[in-house]
Amino acid sequence: MADAVESGAGGSEHLFKVLVIGELGVGKTSIIKRYVHRLFSHNYRATIGVDFALKVLNWDASTLIRLQLWDIAGQERFGNMTRVYYKEAVGAFVVFDVSRHSTFDAVLKWKSDLDSKVKLPNGKPIPAVLLANKCDQQWDGLDNSPATMDRYCKDNGFIAWYETSAKENINIDEATRFLVKNILDSDFIYLTENTDADNIKLTDESEEVDKKAQCC
């Protein structure tokens with residue numbers, strides 16, 4: 001979802017749908033809550049299905065961005081609904097927990113699932129940033145040297161990686177800004193048409209599906 005419209009005084013507005021995916025308990029909801037609401041809690045419940053939050057960014061003097069962050073439940077991978085949840089996304093965060101090696105082992109499964117179900121209008125994979133979350137804790141037997149992680153990202157199609165901590169508010173703003181800048185720099189957003197009735201209908205239907213998906 002990358003709708004671009006002209007605003008007053010020659011400015012522009014963009015609506016970007018960004019996915020936040022990864023195994024159960026890696027801190028996806030905490031990252032979103034920290035970024036959008038500047039809050040952190042130890043008591044978040046596991047996400048059921050999907051949830052999303054909206055962040056409005058005054059990117060510069062002439063650009064306003066509405067960033068829609070979709071929190072995909074960890075147990076949803078390979079489920080029938082993920083194709084619906086991923087639809088029209090233009091960027092993604094893939095998250096793992098540095099203190100749980102198994103969540104890193106699952107990263108490539110999430111990336112493969114992502115690449116198979118959503119692409120940019122030009123046919124390329126959507127830009128994805130790898131988040132090594134809970135970096136305030138001890139890494140669980142992983143080589144976290146910059147050279148190793150840089151090579152891992154290059155080999156597996158990630159545009160960057162960041163050590164993050166929702167608890168300590170480390171690198172979440174920086175990672176998001178990097179991803180948004182990459183989306184803005186992509187030529188494809190200038191090829192999309194202005195919002196029309198069909199796009200509005202698609203958006204409304206998506207949100208209705210997600211509201212139902214949140215029910216326990």
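Worth saying up front: this structure is predicted, and the values here are computed from it rather than measured. Heavy-atom basis, side chains included; hydrogens, waters and symmetry copies ignored.
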Exercise. CZ/R34 to OG1/T29 distance, rounded to the nearest 0.5 angstrom?
Worked result: 14.0 Å

Exercise. Do L54 and V36 pass the side-chain contact (heavy atoms from CB on, under 4.5 Å) test, and can you show the C-alpha distance, the side-chain angles, and the key distance before you say yes or no?
Worked result: CA-CA 7 Å; L54 183 69; V36 175; over 6 Å; no

Problem set entry | Student check: side-chain heavy atoms of L19 and Y86 closer than 4.5 Å | yes

For this session: With I126 as reference, evaluate L179, V18, I159, V118 under the side-chain contact (heavy atoms from CB on, under 4.5 Å) test and give the passing residue.
Result: V118

Seminar exercise, completed: Applied to residues 134-160, the salt bridge (Lys or Arg N to Asp or Glu O under 4.0 Å) test, sequence neighbours excluded, yields D97-K134

Problem set entry | Shortest non-hydrogen contact from A92 toward L114 | CB-CD2, 3.7 Å

Exercise. How many angstroms lie between CG in N171 and OG1 in T164, if you round to the nearest 0.5 Å?
Worked result: 7.5 Å

Problem set entry | Student check: side-chain heavy atoms of V26 and L24 closer than 4.5 Å | no

Problem set entry | Heavy-atom check, side chain of F96 versus side chain of L130, under 4.5 Å | yes

Exercise. Excluding sequence neighbours, so at least two apart, what forms side-chain contact (heavy atoms from CB on, under 4.5 Å) with D115?
Worked result: K111, P125

For this session: Check whether any side-chain heavy atom of Y35 sits under 4.5 Å from a side-chain heavy atom of L69, and report yes or no.
Result: yes

Exercise. Just one of L64, V180, L67 clears the side-chain contact (heavy atoms from CB on, under 4.5 Å) bar with W59, so which one?
Worked result: V180

Exercise. What pairs meet the ring-ring contact (aromatic ring centres under 6.0 Å, His included) rule with one or both residues in residues 151-172, with sequence neighbours excluded?
Worked result: F104-Y152

For this session: Please step through side-chain contact (heavy atoms from CB on, under 4.5 Å) for the pair F16 and L184, ending with a clear verdict.
Result: CA-CA 10 Å; F16 293 153; L184 279 170; 3.9 Å; yes

Exercise. Heavy atoms, side chains only, cut-off 4.5 Å: are V94 and V129 in contact?
Worked result: no

Problem set entry | Check against side-chain contact (heavy atoms from CB on, under 4.5 Å), I31 and F93 | CA-CA 10 Å; I31 287 171; F93 291 114; over 6 Å; no

Exercise. Of all residues at least two apart in sequence or in a different chain, which pass the salt bridge (charged side-chain N to carboxylate O under 4.0 Å, His left out) check with R66?
Worked result: E13

For this session: Tell me, please, which residues at least two apart from K119 pass side chain to side chain donor-acceptor pair (under 3.5 Å).
Result: none

Exercise. Closest approach of V90 and P127, non-hydrogen atoms and distance?
Worked result: O-CD, 3.2 Å

Exercise. Which residues pass the side chain to side chain donor-acceptor pair (under 3.5 Å) test with D60, sequence neighbours left out?
Worked result: S62, T63

Problem set entry | Short N-O contact, D113 and K109, less than 4.0 angstrom | no

Problem set entry | Under the side chain to side chain donor-acceptor pair (under 3.5 Å) test, residues paired with D173 that sit two or more places apart | R38

Problem set entry | Side-chain touch W139/H101, heavy atoms, less than 4.5 angstrom | no

For this session: State, without any angle test, whether S99 and Q137 hold a side-chain donor-acceptor pair at a distance under 3.5 Å.
Result: yes

Exercise. Rounded to the nearest 0.5 Å, how far does CD1 of I32 lie from CG of D51?
Worked result: 7.5 Å

Problem set entry | Residues forming a side chain to side chain donor-acceptor pair (under 3.5 Å) with S116, sequence neighbours excluded | none

Problem set entry | Check: K17 side chain, G91 main-chain N or O, donor-acceptor pair, under 3.5 Å | no

Problem set entry | Donor-acceptor under 3.5 Å (T176 side chain, I172 main chain) | yes

For this session: Look at the side-chain heavy atoms of Ile, Leu, Val, Met, Phe, Trp and Tyr, link any pair under 4.5 Å apart, and say whether I170 and V20 land in one connected group.
Result: no

Exercise. Of all residues at least two apart in sequence or in a different chain, which pass the salt bridge (charged side-chain N to carboxylate O under 4.0 Å, His left out) check with K55?
Worked result: none

Problem set entry | Selection residues 120-129 - residue pairs positive for salt bridge (Lys or Arg N to Asp or Glu O under 4.0 Å), sequence neighbours left out | none

Problem set entry | Point-to-point distance, once rounded to the nearest 0.5 Å, from CG of N133 to NZ of K167 | 12.0 Å

